[in-house]
Amino acid sequence: MKTGHVSNPVVLYWHRTDLRLHDSPALHAALALKPLVFIPVWTWDPHYVYKARVGPNRWKFLLECQSQLSDAYENLNSKQKLWVKDTDAYAQDRDTAVIAMAEKAGVQVIIRMGRTLFDPDELIQKNNGKPTMSITQVEKAAVKINNGNPDKPIDPPSSIPDPWDEERMDLSSLEHDSIDNQPDLNAEHRTQKDEQYSNIMGPKNDFAVPWDDIGIDLSQAATPHRGGEAEALRVLGECIKNEEYIAQFEKPQTSPAAFEPQSTTLLSPHLHFGSLSVRKFWWDVHAVMENQRKAKKPVASVPTNLSGQLLFRDMYFCAQASLGHRFARTHGNEIVRFIDWHLQSSPPDKNGSVDGSYEVDSQEAEEWFQRWKEGRTGFPWIDALMRQLRQEGWIHHLGRHSVACFLTRGGCYVSWERGAEVFEELLIDHETACNIGNWQWLSCTAFYAMFYRCYSPISFGKKWDPEGNLIRRYCPELAKFDKKHIYEPWKAPIADQKKWGCRVTGDGTSSSRSGDTDNTYPKPMFNFDERRRICLDAMKHAFSFSLHGDDAKVKDGSWKKEFRASESSRPTKRQKT
DNA sequence: GACGCGTTGGTCCC
DNA sequence: GGGACCAACGCGTC
């Protein structure tokens, strides 16, 4: 197409982490340039397109648009480009490449940060160039930025020019070819289903959200959670109305077993997809806390309160921004403690690339991992949570703690890297920084070290849900078990198992059932008390080496010899039960 | 170097 | 339901 008559076209590259009209610094800056042509382009990432196609109904705002960037610069003749900054490791690579491409084409790149409370790179700088490893460090660094206050959210624009508005633009004089000509940025991804963004879809819907191509049929949705800016603002508004809930919110006091309604705000997916601004969330909460404080009512403090939860998110983003790709793996990662987990990721090759494979050093651990992943460990609390995760894409934070501890240091002794991969695929609120960071936390490889605090798959659930309602919901085969046996169904007498219509047998695979009509629930895959002792002992042993992911002994594999030599000399605590 | 504390443990006992 | 104890890491502060 030719753009000879267009004096100031602006291309706004808008990706999934900034998909809102309110508090969108990049959109705001784009409009301030007063473009004659305003071209929002949904960028796409193979990573997220992959997620969109494999999950149990992915989130509404997974957008895909083919943006052939170098061609676009040449053809659109744009001299100004806006970019929404993203510090995820793969996004750092992408942004570096795109910015270089733009500069080569003589295009001015304007970058705005909109994803976190504070710019992760600025947090690193204020934290003496280091990744933030504790909430105290985040708070101190934030005070140096703006006395601890993030930027105020920006109001949504009152109007947005239509992209390629033919009437307003008089495109007849533009002598442009049809926008369908090459490079066609959106050809395969056009639909009119998204009403929320109808004002920026363009008169011919050339810039619409590509629902059909994403492969999402909302009528078939397994998850009860819904996306979109309107929904995000509605939910936030509802939460904010309950001032006591907001002001007294303490994460450790919210139940991981609650569903319909859940005990937390459910706003995390909106933060991930950019349909809610984290700064609006923070300032709205802040206002409520101030009100309550003035009214002399109790107000929870950082880090357990809501603001604290958002600060943890910034902590992980900062740590990730600092380490790049190293953050998400053990090898070469200086912040993670090295532990001799089963099923560790294969080390990078000579070029530093990883192929995503892992070493199956133990068939037993591999089977435990598969059973955990599929929700058939034989521990109903764990299985209910894993099935809720698979069906709905969301579980409560403490539920995540429970299943993560069970897979790693408190049960299977499987590498946190395996668990993080499963969460990445299944969570609708997955953010690499938070997911990886929390797995490191729970497995006691970074951020946290008190490995002797171990979650029991029986006691912890019982504390929150003595009736076992979460289990009855997500493991319906156990629905008729009495509360005495619901967390340990294998202890129920056979007569009762028959009476309650479910036998505890096999490993949860269909082949393990004796007949098609049998209703069964698997036997526990190991003795938990025994495994807890073995894991605790192994953690103590691993900690005694003080190895980290970037240690030479980790790189060359010589840790194995040392661990084994020391292993043979230490007393075993294995105990028969 | 000592000491207290750390977003969210479990168990036992009162 | 509340407190002591379990077994005991790393960080921040004094």
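In what follows, every chain begins at residue 1, and chains take the letters A, B, ... in the order their sequences are listed.
- Rounded to whole Å, the distance from NZ on A:Lys462 to P on B:dC12 is 12 Å.
- Of the two residues contacting DNA chain C, namely A:Ser546 and A:Leu536, the nearest-nucleotide position lying further toward the 5' end is that of A:Leu536.
- Taking atom P on both nucleotides, C:dG1 is separated from B:dT7 by 26 Å, rounded to a whole Å.
- Phosphate proximity of B:dT8 to A:Arg453: present, with a side-chain N or O under 4.0 Å from OP1 or OP2.
- Among the atoms of the strands shown, none is found under 4.0 Å from any heavy atom of A:Arg400.
- The base of B:dT8 lies outside donor-acceptor range of the side chain of A:Glu250, with no N or O pair under 3.5 Å.
- A:Tyr448 places its OH atom 8 Å from the C1' atom of B:dT8, with the value rounded to the nearest Å.
- Side-chain nitrogen and oxygen atoms of A:Lys540 include at least one within less than 4.0 Å of the OP1 or OP2 phosphate oxygen of C:dA8.
- Neither OP1 nor OP2 of C:dC11 sits under 4.0 Å from any side-chain N or O of A:Lys140.
- Of the possible donor and acceptor atoms, one in the side chain of A:His22 sits under 3.5 Å from a partner among the backbone N and O of A:Ser277.
- With a 3.5 Å ceiling on both atom-pair distances, C:dA8 lacks any Watson-Crick or G-U wobble partner.
- C:dC9 atom P lies 14 Å from atom NE2 of A:His548, rounded to whole Å.
- Separating the P atom of B:dA2 from that of C:dA7 is a span of 23 Å, rounded to the nearest Å.
- Residue ring and base: A:Phe312 counts as stacked with B:dT7 (centre distance below 5.5 Å, interplanar angle below 30°).
- We find that CG of A:Leu311 is positioned 12 Å from C1' of B:dT7, with the value rounded to whole Å.
- Counting any heavy atom pair closer than 4.0 Å across all strands shown, A:Trp441 reaches a base atom.
- Side-chain atoms of A:Glu392 and A:Tyr474 form a donor-acceptor pair, as typed in the model, at a separation below 3.5 Å.
- Between B:dT7 and A:Arg313, no contact under 4.0 Å exists linking OP1 or OP2 to a side-chain N or O.
- Of the side-chain N and O atoms in A:Ser459, one or more sit less than 4.0 angstrom from OP1 or OP2 of B:dT11.
- Atom-to-atom, CG of A:Asp529 to C1' of B:dG10 comes out at 11 Å; the value is rounded to the nearest Å.
- Taking only side-chain nitrogens and oxygens, A:Gln137 comes nearer than 4.0 Å to OP1 or OP2 of C:dG12.
- In this structure, A:His430 has its ring center no closer than 6.0 Å to that of A:Phe423.
- Across all strands, A:Phe543 comes closer than 4.0 Å only to sugar-phosphate atoms, never to a base (heavy-atom distances).
- For the P atom pair drawn from C:dG10 and B:dG10, the interatomic distance equals 22 Å after rounding to whole Å.
- Ring geometry, A:Tyr487 versus A:Trp381: the interplanar angle falls from 30° to 60°, so the pair is classed tilted.
- Ring pair A:Tyr358/A:Phe369 is perpendicular by interplanar angle, where above 60° counts as perpendicular and below 30° as parallel.
- For A:Leu398 and B:dG10, the CG to P distance is 11 Å, given to the nearest whole Å.
- Between B:dG6 and C:dA8, the two C1' atoms lie 14 Å apart (nearest whole Å).
- More than 12 heavy atoms of other shown residues, nucleotides or ligands fall within 6.0 angstrom of atom NZ in A:Lys251.
- Between the OH atom of A:Tyr487 and the C1' atom of B:dG10 there is a distance of 15 Å, rounded to whole Å.
- For A:Tyr452, whose side chain is taken as the heavy atoms from C-beta onward, the closest listed nucleotide among B:dT8, B:dG10, C:dA8 is C:dA8.
- Distance from the side chain of A:Tyr455 is smallest for B:dG9 among the nucleotides B:dT7, C:dC9, B:dG9.
- Checking side-chain atoms of A:Trp283 against main-chain N and O of A:Pro150 turns up a donor-acceptor pair under 3.5 Å.
- Distance CD1 (A:Ile458) to C1' (B:dT11): 14 Å, rounded to an integer number of Å.
- In this structure, B:dC13 and C:dG2 make a Watson-Crick or G-U wobble pair, each of the two defining distances being under 3.5 angstrom.
- Pairing for B:dG1 is with C:dC14, a Watson-Crick or G-U wobble pair whose two hydrogen-bonding atom distances lie under 3.5 Å.
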